[in-house]
Protein chains: 2
Amino acid sequence: MATATVLKKGRKFDQVLEGARTVFMRDGFEGASVDDITREAGVSKATLYSYFPDKRLLFLEVARAECARQADAAIQTIDMTAAPREALTAAARRITSFITSDFGQRVYRICVAECDRFPDVGRAFYQSGPLVVRQRLADYLTAATARGQLAVDDIPLAADQFAELCKANLQARTLFGATPCAPAEVERTIVGAVDMFLARYAV
Amino acid sequence: MATATVLKKGRKFDQVLEGARTVFMRDGFEGASVDDITREAGVSKATLYSYFPDKRLLFLEVARAECARQADAAIQTIDMTAAPREALTAAARRITSFITSDFGQRVYRICVAECDRFPDVGRAFYQSGPLVVRQRLADYLTAATARGQLAVDDIPLAADQFAELCKANLQARTLFGATPCAPAEVERTIVGAVDMFLARYAV
DNA sequence: CCGCCGCTGAACTGAACGGTCTATGTTTAG
DNA sequence: CTAAACATAGACCGTTCAGTTCAGCGGCGG
């Protein structure tokens with residue numbers, strides 16, 4: 001990759017990136033100081049600045065890597081041939097577990113906070129997260145509809161609706177720290193999402 | 001109110017709060033400088049610090065006021081006696097218009113970003129926003145179910161589901177600035193939400 | 001007319017932070 | 001073995017910013 005070649009110059013490159021990841025994820029962009037990052041990475045400031053021209057670019061690189069990681073996690077495909085209830089339940093479980101995970105929450109929080117300052121980060125997150133999920137779901141819905149297992153007229157809308165149903169209450173709760181989400185509640189949300197979706201789109 | 005009495009001392013109090021509101025909403029907590037706020041409020045720094053011991057407390061006060069304002073807006077009640085389709089459509093229109101509004105988006109963004117540093121802000125937002133909507137919806141669903149117009153078993157879940165369906169794609173899109181949301185799309189989301197909800201819970 | 005009180009505006013402090021510079025290893029080529 | 005080239009640590013610099021201080025101003029009650 002051209003950009004990576006431009007950046008990567010020494011053996012401590014990954015160390016810097018890893019330290020930056022830790023600190024940025026913990027403290028956000030403004031909250032993280034470059035000194036913290038060097039300490040965390042076990043690297044000197046000059047070393048850091050030899051790899052990245054400034055803090056902003058370092059953050060963008062970390063964000064890009066996180067988005068890619070998220071895309072990888074999301075791409076674990078839905079079983080395209082499974083019956084609707086099974087396929088949707090499995091998908092819902094994946095989505096809810098990401099949303100309630102510490103990692104998912106931190107990424108979301110930072111992207112929401114910083115995509116004002118860094119529009120690229122917001123777009124990258126959206127495209128490598130929600131959009132991937134939406135596309136996967138849409139693919140499945142298309143296949144299932146073709147097979148006559150579902151009757152979906154507006155596929156993109158249905159995909160969005162299902163993804164959103166999986167979040168019901170869970171995302172807000174974890175994000176604003178009102179009360180922790182019990183596993184039973186997650187399960188209830190999943191079943192509720194699948195039931196509602198099938199009530200609307202089953203043949 | 002006891003706390004207000006402790007704080008309020010002079011005629012420029014509201015001026016300070018208003019200026020702080022403007023700047024915090026525009027720039028967030030870290031992004032806002034106290035000097036900016038005094039300039040915006042047309043007030044000296046000493047005056048500001050005579051009302052609020054520090055920036056953090058000032059922010060909390062602004063956030064509390066914003067949450068209250070949001071609660072007021074949300075409280076405009078659903079017509080409890082209307083038929084499901086009309087009542088739900090009206091509710092959906094209120095919810096979507098708040099979500100896609102500049103104001104709603106800013107409040108949400110700031111709360112998500114800062115509720116790590118200020119857990120109180122997160123909780124206040126949740127309780128005076130999503131929770132109020134949820135309660136209103138639950139009240140309506142209870143009434144409509146009693147009237148035999150709907151058949152909802154798990155009322156809190158159904159309320160969350162409906163609120164969430166209204167966000168489908170709209171919130172993520174506006175938040176991450178991928179592409180603006182056309183009014184037609186909002187309408188499509190509203191109709192989709194109501195259709196799906198009724199498919200699941202109509203008698 | 002006096003004294004009080006809220007307010008002003010500007011100067012100041014101390015700390016934090018992004019970014020740079022220099023002195024000191026460390027590696028590699030000849 | 002030596003010297004050039006590069007990597008590194010961390011002191012250092014300039015700036016920004018929260019919060020303080022203080023001398024003075026204007027209006028209002030007594």
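Residue numbers start from 1 in every chain, and the chains themselves are labelled A, B, ... in the order their sequence lines are given, proteins ahead of strands. The analysis underlying the following values was restricted to heavy atoms, covering all of them including side chains, and did not include hydrogens, waters or symmetry mates.
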Can you name the residues that form a ring-ring contact (aromatic ring centres under 6.0 Å, His included) with [X], not counting sequence neighbours?
| X | answer |
| --- | --- |
| B:F197 | B:F162, B:Y201 |
| B:Y49 | none |
| A:Y126 | none |
| A:F59 | A:F24, A:F29, A:F118 |

May I have the distance from [X] (atom [atom1]) to [N] (atom [atom2]), rounded to whole angstrom?
| X | N | atom1 | atom2 | result |
| --- | --- | --- | --- | --- |
| B:L58 | D:dG19 | CG | C1' | 13 Å |
| A:R39 | C:dG18 | CZ | P | 11 Å |
| A:F24 | C:dG18 | CZ | C1' | 12 Å |
| A:K12 | C:dT26 | NZ | C1' | 11 Å |
| A:Y51 | C:dG18 | OH | P | 20 Å |
| A:I37 | D:dG10 | CD1 | C1' | 17 Å |
| B:F13 | C:dC7 | CZ | C1' | 16 Å |

Check: A:S44 side chain N/O closer than 4.0 Å to the phosphate oxygens (OP1, OP2) of D:dA9?
Finding: yes
Next item on the list: Ignoring backbone atoms, test whether B:T47 places a side-chain nitrogen or oxygen under 4.0 Å from the OP1 or OP2 oxygen of C:dT8.
Entry: yes
Identify each donor-acceptor pair in which a side-chain atom of residues 86-95 of chain B lies under 3.5 Å from a protein atom, sequence neighbours left out, and give them as a table.
| unit_1 | atom_1 | unit_2 | atom_2 | d |
| --- | --- | --- | --- | --- |
| B:T89 | OG1 | B:R85 | O | 2.6 |
| B:R93 | NH2 | B:E187 | OE1 | 3.4 |
| B:R93 | NH2 | B:E187 | OE2 | 2.4 |
| B:R94 | NH1 | B:Q76 | OE1 | 3.3 |
| B:R94 | NH2 | B:A73 | O | 2.7 |

Short N/O separations, protein against nucleotides 14-18 of chain D, under 3.5 angstrom:
| unit_1 | atom_1 | unit_2 | atom_2 | d |
| --- | --- | --- | --- | --- |
| D:dA18 | OP1 | B:A32 | O | 3.3 |
| D:dA18 | OP1 | B:K55 | NZ | 3.1 |
| D:dA18 | OP2 | B:V34 | N | 2.9 |

Checklist line | B:R123 side-chain N/O to A:F176 backbone N/O, donor-acceptor pair under 3.5 Å | finding: no
